[in-house]
Amino acid sequence: MIRLFERHKKRRSFTLDGLWKFRTVPERKGFDEKWFECFPEDFTEVFVPSCWNNELGLYEYEGTAWYSKTFSVNKENVKIVFHGVTGFADVCLDGKHLGSHYGSFTPFSFNVTGISEGEHTIVVCVDNTHNDADTIPLSTVDWYHYGGIIRSVEINELENVWIENCKIYYTLDDDLKSARLNMKVRLKSADGVKRSDTLRIYINDSIIYEADVEIIGESEITVENLELNDVKLWDTENPYLYYVRFETEEDDLTERIGFRKIEIKNKVLYLNKKKIYLKGVNRHEDHPDWGVAFPVKLMKKDIDIIKNLGCNAIRGSHYPNSEAFLDYMDQEGLLFWEEIPMWGFPESVLKNPLVKERGLKMLEEMIERDYHHPCIIIWGLHNEIATHTEAGYNITKAFAEKVRSMDNSRLITYASYHPMDDVCFTFVDIISINQYFGWYYGEIETWAGFLEDFKSRLKGQGLEDKPIIVSEFGAAALYGEDTFECIKWSENYQEKLLNHTLKLFHDDPDIIGCYIWQYCDIRTAKEVGLTRARGFNNKGLVNEYRKPKLAYWSVKKIFKKQ
């Protein structure tokens with residue numbers, strides 16, 4: 001299941017989830033051998049979607065692998081959508097190269113026209129190799145570089161005219177009771193011949209727009225100033241959702257939105273004009289049995305556990321999460337911070353033009369995919385890069401400008417680990433800081449003095465009007481390790497640190513929220529595995545199998561009171 005609601009009533013769509021032919025090879029072998037045309041006979045089979053590192057014998061494999069799948073279609077025109085392929089992907093259909101894509105966590109697609117009805121074979125070369133020069137993420141990150149086709153591959157059968165995509169903009173009146181909508185709908189035709197059609201738009205099955213349109217190859221239809229009265233707002237208590245359906249004579253596309261207003265005034269965060277404090281956790285999509293190829297049942301379990309904790313917010317660390325997960329957050333009224341997987345980049349790498357190009361493209365694809373999700377209130381530019389340098393300044397400026405050009409309805413931030421000498425805070429709406437006093441350095445009590453010093457520095461730079469989020473803090477605890485001495489790596493030490501910091505942050509008028517590092521224990525990259533017990537980052541409130549540690553129950557008591 002890709003989404004939690006039906007996107008098409010007229011258009012036939014299906015996934016290629018299931019067994020695929022699979023072959024790992026070193027150093028991108030297979031191109032000269034023309035495996036796109038004739039797949040090697042010595043293949044195994046794997047299930048798609050999945051991570052190959054969950055297969056026997058491939059626990060630490062990073063490199064190149066080939067996939068092949070035969071399927072049947074009933075139309076001459078199809079859209080092939082890959083919802084997530086790790087790293088670099090080359091795609092062929094019936095031996096013909098369709099194209100390539102870089103980036104693991106956002107979809108890419110190909111429109112294929114004029115093919116025959118019946119069987120076709122798709123072949124994909126996947127390369128999840130990472131380095132410390134130009135890949136995003138780099139080799140050295142604190143999560144695991146899983147490989148594979150990690151999300152569904154979807155086939156859409158298209159008519160001669162189809163709806164390519166849509167974008168819905170809205171503004172709420174001052175009383176938040178009525179909305180004005182503007183929409184852009186892109187229509188395409190397979191043969192480029194001028195065609196006429198009728199476009200209808202429905203909101204919750206009530207038609208609000210109908211007009212005859214002409215399509216020549218590709219046409220963008222703009223619909224302006226549609227009014228919707230008596231709006232039901234989306235919020236954390238009552239997350240009301242509207243279904244917007246676009247329809248032509250032979251095709252349709254449904255999107256889902258929620259009306260809400262997020263803003264900051266006088267260093268206070270407001271949702272629909274009501275003050276809100278972010279009580280969050282950082283969450284990786286990671287599980288020992290599934291890697292990042294998450295089943296929907298496990299997504300629901302994670303959200304249920306997080307809501308039971310008393311959280312109203314999640315940070316998607318450190319990459320776009322699956323669309324189904326965001327759908328469920330929309331339904332449950334949780335607030336989401338989404339970002340791209342740009343973590344720990346030093347100044348030397350930030351100077352590389354390819355890194356900037358790839359980062360901008362990832363931001364674009366993330367926002368294009370997830371623009372309509374009401375749960376998303378914050379776009380994250382990057383995490384813990386060298387924002388105390390000129391190169392960090394230049395790339396952060398470019399990223400912020402890109403995001404604001406695509407979406408000015410949400411807040412932007414990034415998580416800084418150089419807060420005392422960061423030079424990029426001017427570009428964001430919220431100043432977010434990652435600090436681990438009481439774990440990597442300092443004592444638990446160091447937090448209070450640091451915050452006072454940090455705020456004094458902000459005032460000296462004229463940035464005192466910007467609110468603060470503590471975006472990462474915490475301590476590792478090995479599940480089941482409980483000591484009388486309350487020493488590091490024990491569950492009771494983690495509990496002690498979080499009890500102290502959560503109360504401190506909530507009582508600080510300049511802090512609008514915090515995100516505990518982290519929700520669950522996760523496997524980490526082999527490059528840093530020796531510095532992590534078990535090869536895991538163990539700072540989870542629950543372990544990798546979602547069993548609660550002592551701190552889970554203490555945090556729940558604190559969050560329920562706040």
Side-chain angles (χ1 to χ4, degrees), residues 15-53 55 58 61-71 73 78-113 115 119-131 133-137 139 145-156 291-293 319-320 340-341 354-355 357-362 364-365 368-369:
T15 72
L16 299 185
D17 293 0
L19 289 174
W20 288 50
K21 295 178 181 179
F22 177 77
R23 176 79 150 76
T24 59
V25 290
E27 299 178 353
R28 293 179 65 81
K29 178 184 175 183
F31 288 92
D32 292 341
E33 295 80 2
K34 296 184 179 180
W35 287 1
F36 280 128
E37 297 177 2
C38 184
F39 205 76
E41 294 184 0
D42 55 339
F43 62 84
T44 58
E45 288 185 318
V46 298
F47 194 87
V48 169
S50 71
C51 303
W52 65 53
N53 305 96
E55 302 295 316
L58 296 177
Y61 180 72
E62 181 174 307
T64 303
W66 290 73
Y67 292 77
S68 178
K69 180 76 170 180
T70 298
F71 62 98
V73 295
V78 298
K79 178 191 288 290
I80 305 172
V81 186
F82 291 83
H83 287 272
V85 180
T86 56
F88 196 85
D90 268 298
V91 181
C92 262
L93 182 68
D94 301 330
K96 179 182 178 181
H97 188 247
L98 296 182
S100 305
H101 180 264
Y102 181 78
S104 303
F105 302 100
T106 48
F108 59 97
S109 63
F110 305 99
N111 291 331
V112 186
T113 59
I115 64 174
E119 283 195 347
H120 297 273
T121 298
I122 192 166
V123 177
V124 187
C125 178
V126 180
D127 185 355
N128 80 321
T129 303
H130 295 79
N131 60 45
D134 58 22
T135 61
I136 302 178
S139 293
H145 294 305
Y146 290 102
I149 301 176
I150 61 170
R151 293 174 185 162
S152 291
V153 182
E154 182 183 10
I155 304 296
N156 286 251
V292 292
Y319 38 79
I340 63 172
L354 182 58
V355 169
E357 177 187 331
R358 285 176 166 174
L360 288 170
K361 185 63 174 177
M362 288 180 176
E364 178 182 317
E365 291 182 351
E368 284 183 346
R369 190 196 75 167

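Not a single side-chain hydrogen bond (donor to acceptor under 3.5 Å, both in side chains) links R358 to another residue, sequence neighbours left out. Remark: T44 engages no residue in a side-chain hydrogen bond (donor to acceptor under 3.5 Å, both in side chains) (not counting sequence neighbours). Looking at residues two or more places apart in sequence or on another chain, you find no side-chain contact (heavy atoms from CB on, under 4.5 Å) involving E41. Every residue meeting the ring-ring contact (aromatic ring centres under 6.0 Å, His included) condition with W66, not counting sequence neighbours, appears here in chain and number order: F31, W35, F36. Residues satisfying the side-chain contact (heavy atoms from CB on, under 4.5 Å) criterion with P49, sequence neighbours excluded, are D17, F47, S152. A search for ring-ring contact (aromatic ring centres under 6.0 Å, His included) contacts involving H83 returns nothing, not counting sequence neighbours. For S109, the side-chain contact (heavy atoms from CB on, under 4.5 Å) partners at least two apart in sequence or on another chain are K79, V81. Partners of D32 by salt bridge (Lys or Arg N to Asp or Glu O under 4.0 Å), not counting sequence neighbours: none found. Remark: S100 pairs with D90 by the side-chain hydrogen bond (donor to acceptor under 3.5 Å, both in side chains) rule, at least two apart or across chains. In this structure H101 satisfies the ring-ring contact (aromatic ring centres under 6.0 Å, His included) test together with F108, sequence neighbours excluded. Looking at residues two or more places apart in sequence or on another chain, you find no side-chain hydrogen bond (donor to acceptor under 3.5 Å, both in side chains) involving K21. Residues passing the salt bridge (Lys or Arg N to Asp or Glu O under 4.0 Å) test with E368: none are found, sequence neighbours excluded.
For the pair E357 (side chain) and L354 (backbone), a donor-acceptor distance under 3.5 Å is absent. Proximity of a side-chain donor or acceptor of E119 to a complementary backbone N or O of T70 within less than 3.5 Å is not detected. Formation of a donor-acceptor pair under 3.5 Å by the Y146 side chain with backbone atoms of T86 is not found in this model. Checked by atom type and distance alone, the side chain of N53 pairs as donor or acceptor with a backbone atom of G147 at under 3.5 Å. A donor-acceptor distance shorter than 3.5 angstrom exists from the side chain of S104 to the backbone of G87, with no hydrogens or angles considered. Looking only at distances, a side-chain donor or acceptor of H145 sits under 3.5 Å from a matching main-chain atom of S139. No donor-acceptor pair under 3.5 Å is formed between the side chain of N156 and the backbone N or O of V78.
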**Study point:** Derivation and outcome, side chain to side chain contact (heavy atoms under 4.5 Å, CB included), residues R151 and F105
**Key:** CA-CA 9 Å; R151 293 174 185 162; F105 302 100; 3.8 Å; yes

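Ring geometry for W20 versus Y67: interplanar angle over 60°, hence perpendicular rather than tilted (30 to 60°).
Note that the CZ atom of F71 and the OG1 atom of T121 stand 8.0 Å from one another [nearest 0.5 Å]. Note: T64 OG1 to K29 NZ = 12.0 Å, rounded to the nearest 0.5 Å. To the nearest 0.5 Å, atom OG1 of residue T113 and atom CZ of residue F110 are 14.0 Å apart. If you take SG on C92 and CG on L98, they are separated by 6.5 Å, rounding to the nearest 0.5 Å. The distance from the CG atom of L16 to the CD atom of E154 is 9.5 Å, given to the nearest 0.5 Å.
Shown here for P341 and I136, the closest heavy-atom pair between the two residues is O-CG2, 3.3 Å. E37 and G95 make their closest contact through CG-CA, 4.1 Å (heavy atoms, listed as atom of the first residue, atom of the second, distance). Across all their heavy atoms, L19 and E45 have their closest contact at CD1-OE1, 3.8 Å. Nearest heavy-atom pair across S50 and A293 is CA-CB, 3.5 Å. The shortest heavy-atom contact between C51 and I150 is SG-CG2, 3.9 Å. Residues A133 and V355 share a closest heavy-atom pair of O-CG2, 3.9 Å.
By the 4.5 Å heavy-atom criterion applied to side chains, M362 and T106 are not counted as neighbours. Two residues are said to be in side-chain contact when any heavy atoms from C-beta on lie closer than 4.5 Å; W52 and V46 fail this criterion. Between F22 and L58 there is a side-chain heavy-atom pair separated by less than 4.5 Å. At a threshold of 4.5 Å between non-hydrogen side-chain atoms, the residues T135 and T129 do not count as touching.
For the pairing with V112, the side chain to side chain contact (heavy atoms under 4.5 Å, CB included) check across L93, D94, I155 returns one residue only, L93.
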